[in-house]
Amino acid sequence: MTPDYLERLNSEQREAVETLDGPLLVLAGAGTGKTRVLTTRFAHLLMTGRAQPHQVLSVTFTNKAAREMRERVGAIIQRPVDGLWLGTFHALAARMLRRNPEFVGLKSDFTILDTDDQARLLKQVAEAGNLDTKRWPVNGLMGVIQRWKDRGLTPERVTPAEDTDFANNRALEFYANYQDRLRALNAADFGDLTLHVTEILRTQPDVLERYHRLFRYILVDEYQDTNLVQYLWLRLLAQGHRNICCVGDDDQSIYSWRGAEIENILRFEKDFPGAKIVRLESNYRSTQHILAAASGLIAHNEGRLGKTLRTGGNAAAGELVKVLSLWDSEEEARMVGERVEGARRAGESLGEMAILVRAGFQTRAFEERLITLGLPYRVVGGAKFYERAEIRDAMAYFRATVQPADDLAFERIVNQPKRGLGDTAMREMQALARARGIPLLLAADALCQEAALRPKPRAALRELLESFTRWRAGLDREGHVVVAANILEESGYIEMWKQDRTPEAAGRLENLKELLRAMADYPSMGGFLEHVALVMDNDSDAEGERICLMTLHAAKGLEFDRVFLPGWEEGLFPHQRALDESGTRGLEEERRLAYVGITRARRHCIISHAANRRIYGNWSSAIPSRFLDELPAEHIERQGSQAAARTPAFSGQFPLTTRPARVIEAPAWEVPTRPVRAGALQPGQRVFHQKFGYGRITGVEDDKLDVEFEKAGHKRVLDRFVESA
DNA sequence: TCCAAAGCTTTTTTT
DNA sequence: AAGCTTTGGA
C-alpha cells in the first residue's frame, strides 16, 4: 500500500523521493515543489527505516530555508526535531567544528567574528605589515582571502602562483598572519567555518570515518549556490555511502560573487559517477504568460542543463506580463504605489505583493511613496537589527564578558561610553599584549597593577576591568539576562544614549530593550551569541499584512500573487559591475536573476524601467534593459510614455535596435505629472519641472520645450513634464 | 582626548 | 545625498 504522502506527489516528484540509493541530482525549476520533495524524501527515509532522524544531514543555504524545512519535517515525523543535523552550511560547520576544534588550533568555545570584526582585524594585520592601504585597500585583500577560503585553500595550500594580484604578491603573507591572529584570538570568521571543517575531514581520517558512520544520507538544497569548499566538504562526507541527494536549479544560480560555482551543479554527473538525474518541470505557481515570459528570457543563456517549465495542473493563461516605461524613478515609485493601492482596493492582500529590486538603495524611493500613501510595508534584509551600532556595542560587552580573550570586542567598547581611554591608552595596552602574547584584557589588567598610564585613565580602566569580573561572576548566580541588563546599566552605556540628544537615541534604547528580550529565549549568554553570529536575523514581527520590499537575491525561494520588478535599465539591471567584472558570465547571471524575479509571481508581474534615475545624488539617463527586449512579445504588454521608452539621444550608449510593435499609450492616470492647460505654454512662461526646478520657456517646438532653468541651465523637455508656475 | 568640519567614497547581491 | 573617515584645532 502506498503511503498517502507519496500519493500527493506527481510522478517526477515521486521519482525524486523514492530514488534513495546512490547519488541523485534533482533539477527543480522554479515553483516545481522542491521543498516538498526535500521534506517528503526526509520523511520517506525515516518511514522506510533507512535512517534515524539524526542520521540524515540536511544542508540549506539560508536560515529561512532551514527553519521551514525543520517545521515541515517536524510536522511529518511528529517527533522532536532538536537532534537533527539540519541547518545552513555555516551552522552545521560550526557545530562540527566545536566538536573537533583542536585540529585547527582552536578551542571549542571559539568566537565567530562578523564582517565588521573581520575587517578591523585584517586592517590591523595589514597595518602591522606596513601595507600601503591607500594604494592597496584592505577591502581588496579581504576579497582575495575570502576567495581563497571559498576554494578551500588554507594559507599552506595557496601556491605562490596564485598570489599575484595584490600588493606585490604579499596577499599570502597577510593571509597567513591574519589566520594566526584569528587562532590567537580563538576566533573564526565566516569563511573559516567551512574551511576548517573541510581541512579537518581532509586530514583526520578517523574524524571523517566517524561522520561517515553517522550520516547515512545527505540532502542538499540550492546546490547551484555551493562554492568549492562546500562542495569538497559534501564530497568528503558522501564518500562513504554515496547517498547524496542534491536539489538545485542551474537557472537560479545567482551567487557567483560569493564564490558559488555553477560548475558544481553542471558537473554533478562527473563528480558522482552513476548519478541519476530527475527533472522537476511542472510548475504549480505561475500563470502561463508569466511562465512563458520567464522561459523566453532564460532561453537566451547558454550552457544550461536544460529544463522546460510547463504549467502543472490547470493554470490559467492569466494576464500578460506588463512592461511600463516611466519618465524617472520618482514617477516609477508613484506608479507602483498607485497600482498597489488599486490592487488592494480591488481586494488583493498586501501580504501577497512584493516589490523586488536589483540593489538595496532602490527600496528607498518606494518606501517614501508607501509612507505617503499610508500603505504598510516591510523591508526584508536591509539594515539589519544586529548590524546597528548600539546592538554591536552591547554584543561586544557581552562577548568580552563571556570570552575575555575576545580582543576585538574589548577594543570596541573600551571607550564606549567615553572613559578617557583614547588612542594613547589603547596603544599601550596593545603594545603590552603583543609583547607578552596575552589578550588585551589581561594586558590592561597588568597596566593597572604596574601603575602605568596616567592616573585618570588608569582609574577608569580599573573600574571597567572590575566590572567585567563582577559581570562574569554574576552569570552563574543571577542568570544571563539579569547580567546583560546590569552590564548595559553599570557600564554607563544606557546613560550615554539617554544623554544623547539626537533623534535616533530613543530608538536605540528601544533596540537595546529588544535585545534583552531576545536574549531571554536562549539558555545562556554564549548560546545567544552563537545564535546571533550565525543567524543574524530577528524576524519577530510578521504581524499584519504588509507589502514586501526586498532585493531579488533575498526573494529567491519566495512567491507572491503580484510582483513588481522596477529598475530594468542598462547599468542597473543588468548591473554594470556584473558586466565589467564578469563579462558574459556576469550577464548570464544577471539574466538568471531576472528569471528568478519573474518566476516569483503567481498571477501578476509588472516590470518597469525609468528613463532617468538619480545615482550618487546626480540625475542620469538610462536606456531600457536589454532583458526587456528578450521577453517574448506575445506574452507581454507595453504601457507608459513613449518618451521614456525612447533611447535618450544624449546617452553615449548605442540605441536599442527594435521597439516591439505592441506599444500602448498611457492611460490618462499614467501620464507623468500634472499636465499643463493647453495654450499656456509660450516663450516667457515660467514653469516648474519635477527634476530641474523652476525655469522660463525660451522656445516651443511641437510638444518639446526649450527651457532656461534657474538651477539646471538650459534643457529641452517634453511639455508633459512641466507645469506652469 | 575630544569635537567639528571637510573631504571622500559609495551602491550589487549575503551566510 | 548621505554616511564614513580623515584632518585640524581647542
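Side chains included, hydrogens not; waters and symmetry mates left out as well; all remaining heavy atoms used. Each chain gets a letter, A, B and so on, in the order the sequences are listed, and its residues count up from 1.
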Check every strand shown and say whether [X] touches a base, only sugar-phosphate, or nothing at a heavy-atom separation below 4.0 Å.
| X | result |
| --- | --- |
| A/G360 | sugar-phosphate |
| A/R364 | sugar-phosphate |
| A/A425 | sugar-phosphate |
| A/H575 | sugar-phosphate |
| A/F61 | sugar-phosphate |
| A/F573 | nothing |
| A/Q230 | nothing |

Rounded off to whole Å, could you give me the [atom1]-to-[atom2] distance for the [X] and [N] pair?
| X | N | atom1 | atom2 | answer |
| --- | --- | --- | --- | --- |
| A/D114 | B/dT14 | CG | C1' | 13 Å |
| A/Q146 | B/dT15 | CD | C1' | 10 Å |
| A/R585 | B/dT13 | CZ | P | 21 Å |
| A/D150 | B/dT14 | CG | C1' | 12 Å |
| A/N618 | C/dA1 | CG | C1' | 9 Å |
| A/E222 | B/dT14 | CD | P | 14 Å |
| A/E581 | B/dT13 | CD | P | 13 Å |
| A/M142 | B/dT14 | CE | P | 17 Å |

(request) Using distance alone, with no hydrogens and no angle criterion, decide if A/E589 and A/S256 have a side-chain donor and acceptor under 3.5 Å apart. (result)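 Yes - a donor-acceptor pair under 3.5 Å links their side chains.
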
Look at the side chain of [X] and decide which nucleotide, out of [options], has an atom nearest to it.
| X | options | result |
| --- | --- | --- |
| A/N63 | B/dC3, B/dT15, B/dT13 | B/dT15 |
| A/H553 | B/dT13, B/dT15, B/dC2 | B/dT13 |
| A/K418 | B/dC3, B/dT14, B/dT15 | B/dC3 |
| A/Y616 | B/dT14, C/dA1, B/dT15 | C/dA1 |

(request) Mark yes when over 12 heavy atoms from residues, nucleotides or ligands other than A/E463 sit less than 6.0 Å from its CD; otherwise mark no. (result)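 No - once you tally the heavy atoms of other residues, nucleotides and ligands closer than 6.0 Å, there are 12 at most.
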
(request) Using modelled atom types only, decide if a donor and an acceptor are shared between the side chain of A/S582 and the backbone of A/R585 within a distance under 3.5 Å. (result)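 Answer holds: no.
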
(request) Would you confirm whether the ring centroid of A/F215 sits within less than 6.0 angstrom of the ring centroid of A/Y211? (result)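 Centroid distance A/Y211-A/F215: below 6.0 Å, so yes.
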
(message) Could you check, using the six-membered ring where one of them is a Trp, whether A/Y255 and A/H553 have ring centers closer than 6.0 angstrom?
(response)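 They qualify: ring centres under 6.0 Å apart.
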
(request) For nucleotides C/dT6 and B/dT11, find the distance between their P atoms and express it as a whole number of Å. (result)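 These two P atoms come out 16 Å apart once rounded.
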
(request) Once you apply the 3.5 Å cut-off to both distances, tell me the Watson-Crick or G-U wobble partner of B/dA6, or none. (result)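 Pairing partner: C/dT5.
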
(request) Find out whether the Lys NZ or Arg CZ of A/R591 is both under 6.0 angstrom from the six-membered ring centre of A/F627 and within 45° of the ring's axis. (result)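 Geometry flag: not set, cation outside 6.0 Å or 45°.
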
(message) Tell me whether the side-chain N/O atoms of A/T551 come closer than 4.0 Å to OP1 or OP2 in B/dT14.
(response)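 Yes.
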
(message) Please determine whether a side-chain nitrogen or oxygen atom of A/N415 lies at a distance below 4.0 Å from atom OP1 or OP2 of B/dC2.
(response)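 The answer is yes; a side-chain N or O of A/N415 sits under 4.0 Å from OP1 or OP2.
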
(message) Both A/A554 and A/N139 contact DNA chain B. Which one's nearest nucleotide lies toward the 5' end?
(response)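 Nearest-nucleotide comparison on DNA chain B picks A/N139.
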
(message) Closest-nucleotide mapping onto DNA chain B: is A/F361 or A/G422 further toward the 5' terminus? I mean the 5' end.
(response)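 The residue closer to the strand's 5' end, by nearest nucleotide, is A/G422.
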
